[in-house]
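In what follows, a structure is listed as structure tokens, so that the remarks can point back to it.
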Amino acid sequence: MFRQSLARFLRTATRNNEVSGISTPRFYHERVVDHYNNPRNVGSFDKNDPHVGTGLVGAPACGDVMKLQIKVDENTGKIVDACFKTFGCGSAIASSSVATEWVKGRQMEEVTTIKNTEIAKHLSLPPVKLHCSMLAEDAIKAAVKDYEAKRAKSPGNAEPTLAEKASSA
């Protein structure tokens, strides 16, 4: 319902601007609208799968909740797939969608360097919506941490986790 109302509002605002020639401010950048209307990688994996890391984060101030999951190739350490489920505003959904796009095909070490400011800049989020990109960054880190915790518990795993590598450096 909200999605339909937002889409109707955006169409009306665009049509009115074209007809009247008056420029009114846009509330959401077109990338946010695109990722909101056509979210990428919505869904979930089995959280008990040893190759899946799950990050579940929330923002008490606004009620947004984000679950981001990664599926990792154990041999290469690359994230082969990612998905999300988000309960929140358009900016939170768009941030989740962008985050899953950006982590796919990257090494675990590489995705932990993705910053909320990069996501916010890509989506042109206003300051009042920066917490949405912070949730996405936190969800990525939580998913990586969950995956590494699963690996550490699995028998016969001699390879150090990212946290262990960082503490020994």
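Minimum heavy-atom separation, A82 to N41: O-CB, 3.3 Å. Nearest heavy atoms, L125 versus K129: CD1-O, 3.7 Å. Taking every heavy atom of both residues into account, C132 and A92 meet most closely at SG-N, 3.6 Å. Nearest approach of S124 to R31, heavy atoms of both residues: OG-NH1, 4.4 Å. The two residues A142 and G55 make their nearest non-hydrogen contact at CB-CA, 3.6 Å. Nearest heavy atoms, G88 versus I93: O-CD1, 3.7 Å.
For the atom pair NZ (K47) and NZ (K150), the distance works out to 9.0 Å, reported to the nearest 0.5 Å. Within the model, atoms CZ of F84 and CE of M66 stand 8.0 Å from one another, a figure rounded to the nearest 0.5 Å. Here the straight-line distance linking atom NE2 of H51 with atom CG of D46 works out to 12.0 Å at 0.5 Å rounding. Separating the OG atom in S97 from the CG atom in N37 is a distance of 11.0 Å, to the nearest 0.5 Å. Note: N116 CG to E137 CD = 5.0 Å, rounded to the nearest 0.5 Å. The OG1 atom of T113 sits 9.0 Å away from atom CD1 of I140, with the distance rounded to the nearest 0.5 Å.
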Derivation and outcome, side-chain contact (heavy atoms from CB on, under 4.5 Å), residues K121 and T117
CA-CA 6 Å; K121 185 176 180 182; T117 52; over 6 Å; no
Please evaluate residues K71 and D49 with respect to the criterion side-chain contact (heavy atoms from CB on, under 4.5 Å), reporting the C-alpha separation (whole Å), side-chain torsions for both, the decisive distance (0.1 Å), and the verdict.
CA-CA 9 Å; K71 189 176 280 189; D49 182 338; 4.3 Å; yes
Can you check side-chain contact (heavy atoms from CB on, under 4.5 Å) on I114 and I119, steps first, answer last?
CA-CA 8 Å; I114 294 173; I119 295 169; 4.1 Å; yes
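Annotation: side chain of I70 is not in contact with side chain of D81 (no heavy-atom distance under 4.5 Å). A 4.5 Å side-chain heavy-atom check between W102 and E118 finds at least one atom pair inside the cut-off. Between C89 and C62 the shortest side-chain heavy-atom distance does not fall below 4.5 Å. H122 is listed as a side-chain neighbour of V98, based on a closest heavy-atom distance under 4.5 Å. For the pair D64 and L135, the minimum side-chain heavy-atom distance is below 4.5 Å. With a 4.5 Å cut-off on side-chain heavy atoms, V111 and V144 count as touching. The closest side-chain heavy-atom distance from S91 to L123 is not below 4.5 Å. Using a 4.5 Å cut-off on side-chain heavy atoms (C-beta onward), M108 and Y147 make contact.
More than 12 heavy atoms of other residues, nucleotides or ligands lie within 6.0 Å of NZ in K104, so this atom counts as buried by the packing criterion.
In terms of modelled atom types and a separation under 3.5 Å, the side chain of D146 and the main chain of T54 share a donor-acceptor contact. Of the possible polar contacts, none joining the Q69 side chain to the S44 backbone as a donor-acceptor pair under 3.5 Å is found. In this structure, K67 contributes its side chain and V57 its backbone to no donor-acceptor pair below 3.5 Å.
A salt bridge links R40 to D34: one of the charged nitrogens lies within less than 4.0 Å of a carboxylate oxygen.
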